Amino acid sequence: MKSLIFFFFFCLVITTNTSSITNTSIAPPEFNTTNKICMYSYWTVYIYNEISDPISVHVQSGDDDLGNRTLALKENENWSFCEAITLKTLYYAHFYWNSKTAFFDVFDNDSSNRYCTPWKYKVNRRCVWLVREDGFYLGQDVTPFPIGWTKLHDW
Ligand SMILES: *C1O[C@H](CO)[C@@H](O)[C@H](O)[C@H]1NC(C)=O
Ligand SMILES: *[C@@H]1O[C@H](CO)[C@@H](O)[C@H](O)[C@H]1NC(C)=O
Ligand SMILES: *[C@@H]1O[C@H](CO)[C@@H](O)[C@H](O)[C@H]1NC(C)=O
Ligand SMILES: *[C@@H]1O[C@H](CO)[C@@H](O)[C@H](O)[C@H]1NC(C)=O
Ligand SMILES: *[C@@H]1O[C@H](CO)[C@@H](O)[C@H](O)[C@H]1NC(C)=O
């Protein structure tokens, strides 16, 4: 069990305007970003449901199973871990929304370096998934959609 959850408060200040309020249903969270020291990066991955139906999310890795969780609208699942120095840390997930399903890697070396918060000495890193009716988006923060989000998968 290498996933331990550590949380710290970090006030995320996002300027909003009227268009973003009508366009974003999820309020910016206060991410807990403890400066936990790892050999390499310390990560927290968040998966937010932005679909009005409940969805089920089942996250697993080679040696960890976070279970089948149900997320209502705006709810999130999150977990934290030290990235292996081999950079081979991999988490994958099954998603269920009514009759639709999806299955893909929710954390790997390549997508985390491309779309998540960049490496910085002794600073925790973060990936945020946004689950929408039209697919799955990855970003660094809960910013007003579609700013900062990259669509990576369909249902
Ligand atoms: C934030 O992380 C710290 C360190 O792990 C923990 O003690 C604290 O309870 C966390 N706070 C929240 C709100 O999760
Ligand atoms: C949010 O706004 C953008 C442009 O401002 C638009 O392209 C997009 O379709 C909107 N999304 C929703 C869910 O209304
Ligand atoms: C992360 O998940 C826990 C429950 O596992 C929840 O209490 C916490 O609020 C979540 N963090 C954020 C930033 O929403
Ligand atoms: C997880 O929950 C969904 C929805 O209830 C279900 O369709 C799916 O079979 C479950 N998956 C597992 C592995 O239990
Ligand atoms: C990890 O990703 C970085 C940046 O995309 C890449 O340069 C490096 O070769 C990758 N390492 C492994 C072990 O996949």
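Remember, predicted model here, so these are calculated numbers, not experimental data.
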In terms of heavy-atom contacts, Asp134 and Trp155 come closest through C-CD1, 4.5 Å

Residues 95-122 vs salt bridge (charged side-chain N to carboxylate O under 4.0 Å, His left out), sequence neighbours excluded, gives Asp110-Arg114

- [ ] Hey, can you tell me if Phe81 and Phe107 have their rings parallel, tilted or perpendicular (30° and 60° cut-offs)?
- [x] perpendicular

One should read off an interatomic distance between Met39 CE and Glu83 CD, to the nearest 0.5 angstrom, of 12.5 Å

When you compare the side chain of Leu152 with that of Phe104, does any pair of heavy atoms fall below 4.5 Å? no

So CG of Leu130 and OH of Tyr48: to nearest 0.5 Å the spacing works out to 10.0 Å

Inset, instruction - Please examine the side chains of Ser56 and His94, heavy atoms only from C-beta on, and report whether any two atoms are closer than 4.5 Å. - result: no

Leu87, CG atom: more than 12 neighbouring heavy atoms under 6.0 Å: yes

Look at the side chain of Arg126 and the backbone N and O of Gln140, then say whether any donor-acceptor pair between them is shorter than 3.5 Å. yes

- Query: Is the shortest heavy-atom distance from the side chain of Thr44 to the side chain of Phe31 under 4.5 Å?
  - Reply: no

TODO: Could you tell me whether the side chain of Phe136 reaches within less than 4.5 Å of the side chain of Ile47, counting heavy atoms only?
DONE: no

For this session: Is it possible for you to say whether Leu138 and Tyr92 belong to one hydrophobic cluster, with membership spreading through side-chain heavy-atom contacts below 4.5 Å?
Result: no

Name every donor-acceptor pair, under 3.5 Å, that has one atom in a side chain of residues 68-77 and the other anywhere in the protein, sequence neighbours excluded.
{"unit_1": "Lys74", "atom_1": "NZ", "unit_2": "Ser25", "atom_2": "O", "d": "3.4"}
{"unit_1": "Glu75", "atom_1": "OE1", "unit_2": "Ala72", "atom_2": "N", "d": "2.9"}
{"unit_1": "Asn76", "atom_1": "OD1", "unit_2": "Asn78", "atom_2": "ND2", "d": "2.7"}

In short, salt bridge (charged side-chain N to carboxylate O under 4.0 Å, His left out) pairs touching residues 143-153 with sequence neighbours left out are Lys151-Asp154

Nearest heavy-atom approach of Trp129 to Val45 is CD1-CG1, 4.0 Å

Quick one: are the ring centres of Tyr115 and Trp149 less than 6.0 Å apart?
no

